[in-house]
Every structure is written in C-alpha cells, then in structure tokens.
Amino acid sequence: MSVGLQRLREEPDLIRRGALDKGEDAALVDRALELDARRRRLLGEADGLKAERNRASKQVGDAIRGGAAPDGPRVAAFRAASVAAGERIAALDAEAAAVEAELEDALLRIPNPADPDVPVGDADANVVVRTWGDLLPRAGAGPDGPWERKPHWDVAEALGIIDLERGAKVAGSGFPVYRGAGAALQRALIDFFLGVHTRENGFTEIWPPAVVNAASARGTGQIPDKEDQMYVITRDELYLVPTAEVPVTNLHRDEIFEPDALPVRYAAYTPCFRREAGAAGKDTRGILRVHQFDKVEMVLFERPEASGEALEWMTGRAEDLLRRLGLAYRVLLMATRDMGFVQAKKYDLEVWAPGVERWLEVSSCSNFRDYQARRMAIRYRPAPGAKPELVHTLNGSGLALARVVAAILETYQRPDGSVVVPEPLRATLGTDTLLPS
RNA sequence: GGAGAGGUGCCGGAGUGGUUGAUCGGAGCGGUCUUGAAAACCGCAGGGCCUUCGCGCCCCGUGGGUUCGAAUCCCACCCUCUCCGCCA
C-alpha cells in the first residue's frame with residue numbers, strides 16, 4: 001500500500017500536505033525522493049553494464065559458431081569482458097536492492113492523501129452529514145407508565161438468546177454464543193443483507209475462505225500495519241480474517257480487468273476475528289466489542305473516474321439496510337486524522353442504541369482510490385489494447401451484525417421484556433415478537 | 001499423508017544451454033472485401049523499469065545456484081492435476 005512514485009515526483013507538495021493533515025511525518029517524502037533518485041542512478045548504471053555483458057556473451061557464441069576455437073584467445077577476451085562486467089553488476093545490483101528496500105519502507109509509511117473535500121483535523125472535526133430516524137431516549141412512556149430501556153445485555157439475558165459465559169468457557173471472553181432466536185437472528189440478518197445486495201443492488205455474492213495466507217494479508221495492509229490485531233495459525237502460516245475485505249479484495253490481486261469488466265461489485269459474508277489488542281477494558285459488557293463477529297462486506301473495483309460517486313452509492317446501500325430495519329442512525333464524514341492511513345475518504349455509519357444511549361459504529365465505507373490497488377497490482381485496461389492502469393478499490397460494511405443486534409434489542413424492546421422483530425426478519429424468524437423465556 | 005505428472009503470454013499449446021521475450025492455433029484489436037454480418041485475406045497484439053527511450057534493462061510458478069550465456073541444467077519452496085489412504 002503506497003502512494004505512486006510518479007505522483008510523488010510530480011506532486012511532492014500535495015503528498016507532503018496529505019501526510020501532515022493525517023498527522024504523519026512529511027520528512028519521509030523527501031527521504032523517498034532522495035532514495036528514488038539514487039535508485040534510478042544505480043539502475044541506469046547497472047543497465048548499461050548489463051547491455052555490455054549481454055553483448056560480450058553474444059560475441060562468444062558468434063565467434064564459436066564462426067569457427068573460432070572455444071578455448072582460443074579471441075573467445076577468452078569476450079569471456080573476460082563479460083565476467084568483468086558481471087562483477088560490477090553484482091555490486092551495483094546489491095546496492096540498488098538495499099536502496100530499493102529503504103525506499104519501499106519509506107513509501108509504506110507515507111499515508112494516502114485525503115480527498116480535498118475531507119475535513120482536516122482529528123475526531124472533533126468529523127462532520128455529521130445526515131441523521132435518520134427518531135433518537136429514542138432511555139426513559140420511555142409505556143402503557144403502564146414510565147419505564148427505562150435496558151441495555152442489550154439485559155434484554156438478551158431475559159430472552160435467553162446470547163450466552164457470554166458459556167462462550168467464555170468454550171473459547172474465551174469476547175466469543176459470544178447465540179442461542180435459539182438469537183442464533184436465528186444472526187442467520188436472518190446475514191440472509192437479509194445478502195439478499196438485498198444481490199437481488200436489488202447488483203452485487204455478486206462471494207463466500208470466501210475465513211483464513212488467508214501471508215501474501216493476502218500483506219495485500220490489504222494487515223501485514224505489517226495491523227498484524228497484532230489478527231489471530232495467526234502459525235503452524236500453517238494462515239491468518240483468521242479480520243474482515244471479508246481481505247480475502248475478497250485479494251481475489252483480483254495481480255490481475256488486469258478488461259475494458260468492459262468494471263465495475264466489479266462483491267458482497268461477502270464472513271465471520272470476523274479480531275484480537276482487539278490494546279482495547280482491554282473497553283466496552284467489556286455485552287457484544288459491542290468482541291473477538292468474533294459476523295459481517296457482510298461490500299467490496300468494489302471501479303474505474304478511477306467513477307470511484308467518488310461509487311462511495312456515495314455504497315454508503316447509501318448500507319444506510320438503506322438500517323432504514324429497513326427501522327434503526328436510527330447518523331452518517332459521519334471522517335476527518336483526516338480520524339479516518340486512517342490508507343483511506344482517501346471515509347464515512348462511518350453509527351446506529352443509535354437507546355439502552356446505552358450511545359452511537360454504535362456499524363459500518364465504515366471507504367474509498368482507497370489507487371492506494372490498495374497499487375500494492376496488490378490490480379489493474380484495468382481503459383480501452384481495448386490500451387496500457388493497464390490501476391483500479392480504484394472501495395469497501396464498506398453492509399453491515400456488521402453484533403452491534404446491529406444490540407441496537408435492535410435496545411430499540412425494539414417493550415416494557416414487558418419482549419422485543420418486536422423488525423419486519424424484514426420476521427419471515428426467517430417465524431415470529432414478529434421475541435418473548436422472555 | 002504416500003506415489004506419479006505438470007506449472008510458459010487472455011486461453012490452448014511448442015520449446016531441453018546461444019537473436020526464443022518466446023513457433024503455432026484460438027480469442028482480441030485494426031484494415032480489405034460486403035448493403036450489413038459471417039467467411040476469407042492482410043496487419044497489430046504479454047507485463048514491468050529507466051526524465052540515457054536505446055536494435056537499453058528485467059520477467060517463462062517463487063527464491064537461490066551452475067555458466068561467457070538459462071524458459072531450457074542443479075537445489076529448495078509454493079501451487080495444480082491423477083491414483084491410493086483418510087475424512088465432513
């Protein structure tokens with residue numbers, strides 16, 4: 001994942017500005033430029049010598065075929081020339097490789113510049129773009145007088161649908177067990193999301209592996225950026241996926257799309273595994289922050305000129321799901337220092353959870369422009385026979401289940417402890433109300 | 001897990017040390033012909049690097065090695081296929 005060298009050379013100021021806006025070190029830009037110049041100098045010199053060596057080698061062959069003695073003086077001279085060039089080439093190549101490694105390292109630490117319309121600043125600068133639905137207060141007015149909405153963990157316990165203790169027993173804390181209607185609710189949500197995406201939004205459904213190899217983890221930047229967030233199966237050198245983004249984006253690694261192939265739009269369900277290292281003690285109750293959760297992810301490959309519009313569209317698709325579930329939410333345009341290293345523009349969708357009176361992040365929709373594509377070498381041909389160019393990649397949750405479940409339980413609970421099932425899920429669940437056990 | 005075969009360009013498929021970065025076929029693109037299309041014929045046609053654009057350099061699964069010279073020889077690893085074993 002990196003900015004392009006060509007762009008770095010042509011617009012160093014823009015890249016520098018982008019790094020500063022994201023709170024990163026802009027000096028790396030100059031470091032990279034310097035390394036790039038050195039690398040090109042070394043490469044040029046080495047290439048010249050290689051041409052010499054190739055010529056000498058060819059002369060050996062020509063001389064022998066022309067009747068010269070294979071061990072005669074003429075042939076020996078050509079051989080010597082080739083060997084001499086070879087020695088210098090080896091030295092230059094070694095140096096070039098070292099410089100290139102340094103350059104790569106510098107490039108990797110230069111962030112993707114944010115789009116011009118992204119607010120500059122930290123979380124305070126995030127912009128609420130829109131809000132939808134009624135923000136229910138914790139205190140409600142029921143048929144038998146005032147009542148207090150409960151947090152989802154209390155609702156879930158009364159219904160007997162989430163078993164955190166037994167999850168901790170069989171796997172560990174942060175691995176919830178969904179039971180009965182709770183399990184069916186998971187299945188219903190996954191089916192609802194995928195159904196809308198495939199039948200109405202034109203996505204192709206993908207059911208990818210839940211583990212990836214090191215090359216794939218590197219492709220989307222999990223290695224080295226977020227390595228300690230992933231569960232690793234060391235014996236087989238595999239990583240449990242933290243999101244479907246990883247396997248699905250890597251589907252087209254090192255590929256070239258033909259002119260009429262784009263856009264390619266995938267919707268994929270996977271369980272997601274996250275170690276949540278460094279988040280100990282945060283959101284420990286309920287299912288707001290867990291090590292395993294379920295998510296349907298949207299992954300888009302777009303032509304560069306279409307990616308800006310595609311982000312708005314994709315965000316709209318995620319919002320549509322929340323509306324149909326009748327959950328109040330807001331859309332945040334994330335500011336430069338709160339959006340992440342690799343995103344060019346990002347919207348977060350936060351659902352309102354009246355039981356805990358908090359906004360819960362249930363989707364994050366990002367445009368990476370060509371930043372991810374460069375690292376994974378995902379390209380497209382603008383026209384038949386034309387030179388390949390990098391595609392733009394985007395992805396967004398549509399949606400993440402655990403927090404949606406929390407919001408449903410808190411939004412649709414009733415004073416008697418029952419929970420109304422949102423309309424789109426009723427057919428699968430076979431009921432319109434969940435009753436306390 | 002055991003045995004065998006193989007990994008070459010968009011696909012198929014040649015090539016086992018010296019203009020082979022790669023024969024050939026198909027698909028593709030451009031053209032001729034045609035009212036149009038098909039067919040036929042001609043031509044173009046892999047990816048990347050370098051502000052030296054050059055009959056320049058690198059790439060035939062990946063990484064090393066041998067050699068003046070490697071797609072071709074050697075070693076390791078990865079992957080695919082077939083058979084056997086095991087198994088949801």
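Here the structure is a predicted model, which means the values were calculated and not measured. Just so we're on the same page: letters track the sequence lines, and every chain starts at 1.
- Side chains of A:N54 and A:S57: no donor on one and acceptor on the other come within 3.5 Å.
- Distance from the side chain of A:P388 is smallest to B:G48 among B:C68, B:C57, B:G48.
- Residue A:A51 is classed as a sugar-phosphate contact, given heavy-atom separations below 4.0 Å to backbone atoms only.
- Formation of a donor-acceptor pair under 3.5 Å by the A:Q413 side chain with backbone atoms of A:E410 is found in this model.
- Distances shorter than 4.0 Å separate none of the side-chain N or O atoms of A:N54 from OP1 or OP2 on B:C68.
- Closest to the A:V60 side chain, of the nucleotides B:C58, B:C68, B:G56, is B:C68.
- Using N1 to N3 plus N6-O4 or O6-N4 for Watson-Crick, or N1-O2 and O6-N3 for G-U wobble, each under 3.5 Å, B:G9 pairs with nothing.
- OP1 or OP2 of B:U51 has at least one side-chain nitrogen or oxygen of A:R40 nearer than 4.0 Å.
- Distance from the side chain of A:R9 is smallest to B:U51 among B:G56, B:C58, B:U51.
- Between A:D254 atom CG and B:G48 atom P the separation is 12 Å, expressed in whole Å.
- No hydrogens or angles considered: nothing links the side chains of A:Q343 and A:Q372 as a donor-acceptor pair under 3.5 Å.
- Considering only side-chain atoms of A:I256, the nucleotide from B:G47, B:C68, B:C49 that sits closest is B:G47.
- Comparing B:C58, B:G69, B:G56 against the side chain of A:S57 picks out B:G69 as the nearest.
- Side-chain atoms of A:I64 lie closest to B:G18 of the nucleotides B:G18, B:C49, B:G56.
- In the set B:U51, B:G48, B:C68, the nucleotide with an atom closest to the side chain of A:R379 is B:G48.
- Within the structure, every side-chain polar atom (N or O) of A:K387 is placed at least 4.0 Å from both OP1 and OP2 of B:G46.
- Of the possible donor and acceptor atoms, none in the side chain of A:H392 sits under 3.5 Å from a partner among the backbone N and O of A:N367.
- Residue A:R381 places at least one side-chain N or O under 4.0 Å from the OP1 or OP2 atom of B:G47.
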